[in-house]
Amino acid sequence: MNQGKTLLAVALGLSLSGCSVLQGLPDDKSTGALALYLETDRDSGKPMPCRSISVRLNEVTEAINTSPAVWSEESFYDESKQATIIPGIQAGTYVINGFRCYAGARVVFENYARYIDQPTFEAVTIHKGKITLSGMAFVTGHFTDKESRVYFQFRDAGSLKQDALIKALRANDDYRGWELVAD
């Protein structure tokens, strides 16, 4: 019984500390994943504003319409690897029209909101059993003013950041056997 309590205490401690790691992908490869480059401003010396992110996806249909928006699962990231993986996305073409930043450790959003939504736009094609490399980067940090304001946005990743994303994903054993596809 003590072992169970210890495991629970460790798991609870990790979740409360804001510890973030790249999540693994399912072994069955029945869905695809989206990889984003992560750019963080660590000059402020403050904790990351977002402990995790998710994106709002609209699948594009043949009639050039989109399906109703669906939020991806919450995706944790590895700050040192400068990457985040959003797993469990069915194969198809999507428009990403929003992203959500979940409040990190010691970060309080206005009105004590648990997350903040931001609009964005990117079209991506997700392939079954593959990791699609987004051309966008998730950028986050703190303004160095007296108000301790945070910022986060999606913006063009550029080819150097795309190369860094590929290097980070190939160095991670959790993604061996998953093909990387540039979108």
Side-chain angles (χ1 to χ4, degrees), residues 20-23 25 31-44 46-61 64-67 69-104 107 109 115-145 149-172 174-175 178-183:
S20 300
V21 294
L22 276 175
Q23 11 190 119
L25 294 171
T31 59
L34 179 66
L36 298 165
Y37 180 80
L38 177 69
E39 183 177 312
T40 59
D41 170 23
R42 299 303 287 160
D43 294 336
S44 68
K46 296 185 179 184
M48 289 295 302
C50 307
R51 70 174 158 81
S52 61
I53 65 170
S54 61
V55 293
R56 188 173 52 226
L57 301 163
N58 288 89
E59 186 171 15
V60 178
T61 63
I64 311 181
N65 293 323
T66 58
S67 64
V70 175
W71 283 98
S72 71
E73 62 184 78
E74 198 173 333
S75 176
F76 297 89
Y77 51 83
D78 187 333
E79 200 177 334
S80 66
K81 291 186 174 45
Q82 297 181 306
T84 187
I85 297 287
I86 299 172
I89 304 172
Q90 294 297 320
T93 300
Y94 294 88
V95 172
I96 299 173
N97 61 9
F99 67 96
R100 182 173 280 174
C101 166
Y102 292 88
V107 173
F109 293 142
Y115 56 81
I116 295 178
D117 294 341
Q118 290 287 340
T120 191
F121 180 84
E122 182 188 18
V124 295
T125 301
I126 304 296
H127 304 276
K128 182 178 177 179
K130 298 179 182 180
I131 299 173
T132 300
L133 305 172
S134 174
M136 303 294 277
F138 180 72
V139 182
T140 184
H142 289 264
F143 290 111
T144 53
D145 59 9
R149 296 176 296 151
V150 299
Y151 65 89
F152 43 90
Q153 62 185 348
F154 266 173
R155 68 174 178 216
D156 183 31
S159 62
L160 291 177
K161 292 174 184 171
Q162 196 83 5
D163 292 344
L165 177 60
I166 291 168
K167 184 178 177 182
L169 294 175
R170 287 200 173 136
N172 191 323
D174 290 338
Y175 307 123
W178 282 78
E179 183 180 344
L180 305 179
V181 179
D183 190 49

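All values reported here derive from a predicted model rather than from experimental measurement. This chain uses plain numbering: 1 for the first residue, then up along the sequence. Only this structure's heavy atoms are used, side chains among them; waters, hydrogens and symmetry mates stay out.
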Y175 side chain near I85 side chain, heavy-atom distance below 4.5 Å: yes

Specify the closest pair of heavy atoms between A35 and L169, including all atoms of both residues, with the distance to one decimal. CB-CD1, 3.7 Å

Minimal heavy-atom distance between G98 and T120, with the atoms involved, is N-CG2, 3.7 Å

Could you pull out the closest heavy-atom pair between P87 and A33, with the gap in Å? CA-CB, 3.9 Å

I126: which of L34, T31, L57 passes side chain to side chain contact (heavy atoms under 4.5 Å, CB included): L34

Counting C-beta onward and ignoring hydrogens, is there a side-chain heavy-atom pair between T125 and T132 closer than 4.5 Å? no

Under the rule for ring-ring contact (aromatic ring centres under 6.0 Å, His included), what residues qualify as partners of F109, not counting sequence neighbours? none

Distance, nearest 0.5 Å, that separates CG of L165 from CG of L180: 8.0 Å

Please report the interatomic distance CD(Q90) to NZ(K128), rounded to the nearest 0.5 Å. 8.5 Å

So do the side chains of I53 and L36 get within less than 4.5 Å of each other, counting heavy atoms only? yes

Rounded distance [0.5 Å steps], OG in S72 versus CZ in R56: 11.0 Å

Reported CG-to-CG distance for the pair L133 and D163, which is rounded to 0.5 angstrom: 10.0 Å

In Å and rounded to the nearest 0.5 Å, what is the OG1 to CD distance from T93 to E59? 7.5 Å

Can you measure from OG (S54) to CD1 (I96) and round to the nearest 0.5 angstrom? 11.0 Å

